Structures are given as structure tokens and as C-alpha cells.
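Working notes, structure below.
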Amino acid sequence: MSAGRPILEMREVERHFAEGTRRLTILDGASLSLSPGEMVALVAPSGAGKSTLLHLAGLLEMPDAGDVIVGGRACGRLSDDERTAIRRNDIGFVYQFHHLLPEFSALENVMMPQLVRGLTPAEARARAAQLLDYMKIGHRAEHRPAELSGGEQQRVAIARAVANAPMLLLADEPTGNLDPVTAGYVFDALEALVRQSGLSALIATHNHELAARMDRRVTIDGGKVVPLERTA
């Protein structure tokens, strides 16, 4: 883990939803900070607010109160276009389901975000091939998602998430659909990528074995982010 200005800061974030005539509080003064190169596991039961926290960190939702700061830049008053640019260039997302485009090859899926950013096809192809090789799936580059195993699909999804060299990676149960052996292999690849690149990662998971391998574990309790103590 590297020292330096936090990549992600969430300061006293609140998120509420209307449920009929009631106000449902999901996050109530939640604060979290991620340093460069740090992997943090978010472990909490369903309904505690994990996905909401990730959506706020990824600028997919706006908090009702508090601040979200990415790379030193406060995002609360940015325009939609400015938040979209940060999501595209500085944040990578990995979900439980890979969400690959079925009509395109693994290589083309990893090229897509780079082309959207403005790289030439040759530049995007070269970086996509490099990332797939790094994820040990380069030999499957020309295969479409339906021709890949679950673990292979998820490794392509991780490669796509970091294709634009983001500073922050957000993952929501990235190994949740995989068997334990495959989950371990995918996490090995994800961890190696994070350590090598120096990006920060916030990873929601129910897998306590994988969570224990990260730098810190946190949970959500009473709408706040609190440390999760390690057990012996």
C-alpha cells in the first residue's frame, strides 16, 4: 500500500429513499478513505447498503448530504458531463455478472472503453491484447463471451474495467457467480493487477477468505462505515 493523497474520500455521506410515507435511511454519515494501491474489502449483509455505497463512490448516484472526492476533486457540484468524464477516465467497475457485449470478441470488449475515450483502434487493440495477456487469457482474445467459461468472462470484465488506466476500481461481488477454485484464480489475477498498477480498489464481497487477503475490511453498521475486526 502506498502513501499519498487519498484516491477516494467519502465524507459524512447520507443517502435516503422514500418508502411510502416513510423515509428509509441507507447511509447516515458514512465516511471512507482509500489510499493509492490499497485494497479494501466491503463485507456486509444484503440490504446494509453496499451497492448504494459503491454507486455513490462511482458517481452513479448523488448523496443527499456529504461529499465524495475522487483524486482530490470534490464531485458534489460537478455537472453530469463532468461526472461522466470522471467515471469514464478515472473509475473502473466490475460487477457480479460480467456484462460483456455478446456480439463482440474478448479483445473487442476490452477495446470499447478505450475507443470511447478517443484512442485509435490500433492503440486500443494493443493495450487490450496486453491486458488480456496479463490476465492470462490472451489465447482466448478472439472468442466471444458465450465461448468463454465464467472465470474467463470475469477476467475479461476486469481487463475492460482497467482498460483506461483508472485510479479507482469498484467491484460488487466480482467472484459471486464463480465456484471457489475459479473465484480464487480470478481474485489472484485481480489482486496482481491492483498491486502492479497502484490503483485503489473497493471490493464488496461475501467471501471472507478473499476479504482477509485485502489490506483492510470494513462493514456498514447503522448507516456508517466501520472497521471489521479480523478473527483469529
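Computed over heavy atoms, backbone and side chain alike; hydrogens, waters and symmetry mates excluded. Please read these numbers as outputs of a predicted model, since none were measured by experiment.
Connection of Leu169 to Val70 is not established within any shared hydrophobic cluster, with ILVMFWY side chains joined at heavy-atom distances below 4.5 Å, either directly or through further cluster members. Connection of Leu202 to Met62 is not established within any shared hydrophobic cluster, with ILVMFWY side chains joined at heavy-atom distances below 4.5 Å, either directly or through further cluster members. Side-chain heavy atoms closer than 4.5 Å link hydrophobic residues (I, L, V, M, F, W, Y) into clusters, and following such links, possibly through other members, connects Val194 to Val156. Under a hydrophobic clustering in which Ile, Leu, Val, Met, Phe, Trp and Tyr are joined whenever their side-chain heavy atoms come within less than 4.5 Å, directly or via other members, Leu210 and Leu190 fall into the same cluster. Transitive grouping of hydrophobic side chains (ILVMFWY, heavy atoms separated by less than 4.5 Å) keeps Met167 and Val162 in distinct clusters.
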* List the steps and the verdict of side-chain contact (heavy atoms from CB on, under 4.5 Å) for Met10 and Leu53. => CA-CA 9 Å; Met10 304 182 77; Leu53 188 74; 3.7 Å; yes

* To do: Give the C-alpha distance, both sets of side-chain angles, the deciding distance and a yes or no for side-chain contact (heavy atoms from CB on, under 4.5 Å) between Glu123 and Arg117.
  => CA-CA 11 Å; Glu123 292 170 329; Arg117 188 172 184 175; over 6 Å; no

* Given the rule in the side-chain contact (heavy atoms from CB on, under 4.5 Å) test, do Leu199 and Ile7 qualify, once you have shown the distances and angles that lead to the verdict? -> CA-CA 8 Å; Leu199 60 82; Ile7 295 299; over 6 Å; no

* Val68 and Leu8: side-chain contact (heavy atoms from CB on, under 4.5 Å), yes or no, with the steps? -> CA-CA 7 Å; Val68 177; Leu8 171 68; 4.2 Å; yes

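Formation of a donor-acceptor pair under 3.5 Å by the Lys224 side chain with backbone atoms of Asp28 is found in this model. Arg125 contributes no side-chain N or O that, together with a main-chain N or O of Met111, makes up a donor-acceptor pair within less than 3.5 Å. Here the side chain of Asn164 pairs no donor or acceptor atom with the backbone of Asn89 at under 3.5 angstrom. In terms of modelled atom types and a separation under 3.5 Å, the side chain of Arg155 and the main chain of Leu132 share no donor-acceptor contact. Under the 3.5 Å distance criterion, the side-chain polar atoms of Thr25 are left unmatched by any main-chain donor or acceptor of His16. At distances below 3.5 Å, not a single donor-acceptor pair connects side-chain atoms of Ser33 with backbone N or O atoms of Glu9. In this structure, the side chain of Glu142 does not engage the main chain of Ser105 through any donor-acceptor pair within 3.5 Å. When atom types are taken as modelled, the side chain of Tyr134 and the backbone of Ala192 share a donor-acceptor pair closer than 3.5 angstrom. A distance-only check finds no donor-acceptor pair linking the side chain of Ser200 to the backbone of Leu168 [under 3.5 Å]. Between the side chain of Glu191 and the backbone N or O of Asp188 there is no donor-acceptor pair closer than 3.5 Å.
Interatomic distance, CG of Leu59 versus CG of Leu78, reported as 8.0 Å (0.5 Å rounding). Interatomic distance, Glu14 CD to Ile26 CD1, rounded to the nearest 0.5 Å: 12.5 Å. Expressed to the nearest 0.5 Å, how far CG of Leu60 lies from OG1 of Thr52 amounts to 11.0 Å. Within the model, atoms CZ of Arg77 and CG of Asp67 stand 9.0 Å from one another, a figure rounded to the nearest 0.5 Å. Of the inter-residue distances, the one linking Gln153 atom CD with Ile158 atom CD1 reads 12.5 Å to the nearest 0.5 angstrom. Within the model, atoms CZ of Arg217 and CD1 of Ile203 stand 13.5 Å from one another, a figure rounded to the nearest 0.5 Å.
Side-chain atoms of Val94 and Gln154, non-hydrogen and from C-beta on, do get closer than 4.5 Å to each other. Contact of the Met39 side chain with the Arg213 side chain is not registered, since no non-hydrogen atoms from C-beta on lie closer than 4.5 Å. Residues Thr205 and Met214 have side chains in contact (heavy-atom distance under 4.5 Å, counting atoms from C-beta outward). Counting only heavy atoms from C-beta outward, the side chains of Pro121 and Leu115 approach each other to under 4.5 Å. A 4.5 Å side-chain heavy-atom check between His55 and Arg15 finds every atom pair outside the cut-off. Side chains of Pro113 and Arg88 form no contact here, defined as non-hydrogen atoms less than 4.5 Å apart. Inter-residue side-chain proximity for Asp90 and Arg73 is flagged as unmet; no heavy-atom pair is nearer than 4.5 Å. Side-chain contact between Arg216 and Glu38 is present, with heavy atoms from C-beta onward closer than 4.5 Å.
Using a 4.0 Å cut-off between charged nitrogen and carboxylate oxygen, Arg87 and Asp80 do not count as a salt-bridge pair. Salt-bridge check for Asp215 with Arg195: passed, with a basic side-chain N closer than 4.0 Å to an acidic carboxylate O.
Heavy-atom minimum distance, Cys75 versus Ile86: SG-CD1, 4.0 Å. Residues Leu193 and Met135 come closest through the heavy atom pair CD2-SD, 4.2 Å. In plain terms, the two heavy atoms of Pro166 and Gly92 that are nearest each other are CB-N, 3.7 Å. Closest approach of Leu170 to Ala57, counting heavy atoms only: CD1-C, 3.8 Å. For the pair Asn109 and Pro145, the tightest heavy-atom approach, listed with the atom from each and the gap, is ND2-CG, 4.2 Å. The two residues Val43 and Ala211 come nearest to each other via the heavy atoms CG2-CB, 3.8 Å.
Relative orientation of the Tyr95 and Phe93 rings is parallel, given thresholds of 30° and 60° on the angle between their planes.
Sparse packing is recorded around CD of Glu209, with 12 or fewer heavy atoms of other residues, nucleotides or ligands lying under 6.0 Å away. Heavy atoms of other residues, nucleotides or ligands lying less than 6.0 angstrom from CD of Gln196 number 12 at most.
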